[in-house]
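Numbers here simply count residues along the sequence, with the first being 1.
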Amino acid sequence: MALITINGTALPEPSSYDAKIVDLVDNGRNAYGTFVGNVIRSNVASVEAKWLYLSAAEWSEILQLIKSDFTPSVTFYDMASGTWVTRTMYPGDRTGAMCQFDPYTHNIRGWQNCRLLLSEV
């Protein structure tokens, strides 16, 4: 099973996979300086995949999955539940550094340090 699947399409095995869980809290301090807050939503997941190298075609395919559906269905390993879950997520920054350029055809053939961040809606 792929670590990350977007709308049923398995992504290539990432070089690193980072998971994060956040709680959304409406917070502040009262006149006594004591914390006052309410949990708006808990256990909001995000995952970040990084690839040391992807071909231009592989990176383009991943980016097109998100371009065609900004809030796709994403299946990933959830560290809190210890199981595979499927959630609606949206992309954060997507970055990559060109590493293979063909000077004759002017085509980019590969990308390095590709990074994709997905956060639960």
Side-chain angles (χ1 to χ4, degrees):
M1 177 153 204
L3 275 174
I4 302 173
T5 303
I6 297 178
N7 286 338
T9 300
L11 300 189
E13 189 77 21
S15 304
S16 70
Y17 176 86
D18 298 314
K20 181 167 66 169
I21 300 170
V22 298
D23 295 322
L24 304 177
V25 179
D26 176 16
N27 63 47
R29 301 229 176 239
N30 63 17
Y32 301 104
T34 305
F35 170 80
V36 179
N38 295 305
V39 175
I40 299 170
R41 187 169 168 211
S42 62
N43 296 318
V44 178
S46 68
V47 294
E48 181 177 45
K50 297 175 188 169
W51 295 267
L52 294 177
Y53 174 84
L54 288 171
S55 70
E58 288 172 319
W59 190 221
S60 177
E61 182 181 354
I62 292 169
L63 297 176
Q64 291 302 317
L65 287 171
I66 294 164
K67 185 176 181 181
S68 65
D69 183 358
F70 191 72
T71 54
S73 176
V74 178
T75 301
F76 62 98
Y77 188 80
D78 178 41
M79 64 181 181
S81 66
T83 60
W84 297 96
V85 297
T86 301
R87 307 267 174 84
T88 301
M89 302 183 101
Y90 67 92
D93 292 342
R94 284 106 40 210
T95 60
M98 181 190 69
C99 71
Q100 289 183 333
F101 178 76
D102 187 323
Y104 301 105
T105 64
H106 299 145
N107 290 326
I108 296 171
R109 297 188 312 209
W111 295 90
Q112 64 185 9
N113 301 321
C114 302
R115 180 178 156 263
L116 171 65
L117 174 64
L118 297 163
S119 298
E120 187 176 0
V121 172

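With hydrogens and angles disregarded, no donor-acceptor distance shorter than 3.5 Å links the side chain of N113 to the backbone of G96. With hydrogens and angles disregarded, a donor-acceptor distance shorter than 3.5 Å links the side chain of D23 to the backbone of N43. Not a single donor-acceptor pair under 3.5 Å links the side chain of N107 to the backbone N or O of R109. Side chain of R41 to backbone of V39: no donor-acceptor contact under 3.5 angstrom is found. In this structure, the side chain of S68 engages the main chain of Q64 through a donor-acceptor pair within 3.5 Å.
Atom-to-atom distance recorded for W111:CH2 and S55:OG is 11.5 Å, nearest 0.5 angstrom. Atoms OG1 and CG, on T75 and L11 in that order, are 10.5 Å from each other to the nearest 0.5 Å. Atoms CZ and CD1, on R94 and I62 in that order, are 12.0 Å from each other to the nearest 0.5 Å. Taking CD of E48 as the reference point, atom CG of L116 lies at 8.5 Å (rounded to 0.5 Å). Within the model, atoms CG of L65 and CG of N7 stand 7.0 Å from one another, a figure rounded to the nearest 0.5 Å. Atoms CE and CD1, on M89 and I6 in that order, are 9.5 Å from each other to the nearest 0.5 Å.
The shortest side-chain heavy-atom distance between L118 and V47 falls under the 4.5 Å cut-off. Side-chain contact between V85 and F76 is present, with at least one heavy-atom pair separated by less than 4.5 Å. For the pair F35/V25, a side-chain contact is recorded, criterion being any heavy-atom separation below 4.5 Å from C-beta on. Put simply, the side chain of K50 does not reach to within 4.5 Å of the side chain of Y17, judged on heavy atoms.
Between Y77 and W84, the ring-plane angle classifies as perpendicular under the 30° and 60° cut-offs.
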Problem - V44 vs V22, side-chain contact (heavy atoms from CB on, under 4.5 Å): CA-CA, chis, key distance, verdict - result: CA-CA 5 Å; V44 178; V22 298; 3.9 Å; yes
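For Y90 against E120, the heavy-atom pair with the smallest separation is CE2-O, 3.7 Å.
Neither W59 nor F70 shares a network with the other; the hydrophobic side chains, linked directly or stepwise wherever heavy atoms of I, L, V, M, F, W or Y lie under 4.5 Å apart, form separate groups for each. Side-chain heavy atoms closer than 4.5 Å link hydrophobic residues (I, L, V, M, F, W, Y) into clusters, and following such links, possibly through other members, connects L63 to L3. Hydrophobic clustering (side-chain heavy atoms under 4.5 Å, transitive across Ile, Leu, Val, Met, Phe, Trp, Tyr) groups V74 together with M1.
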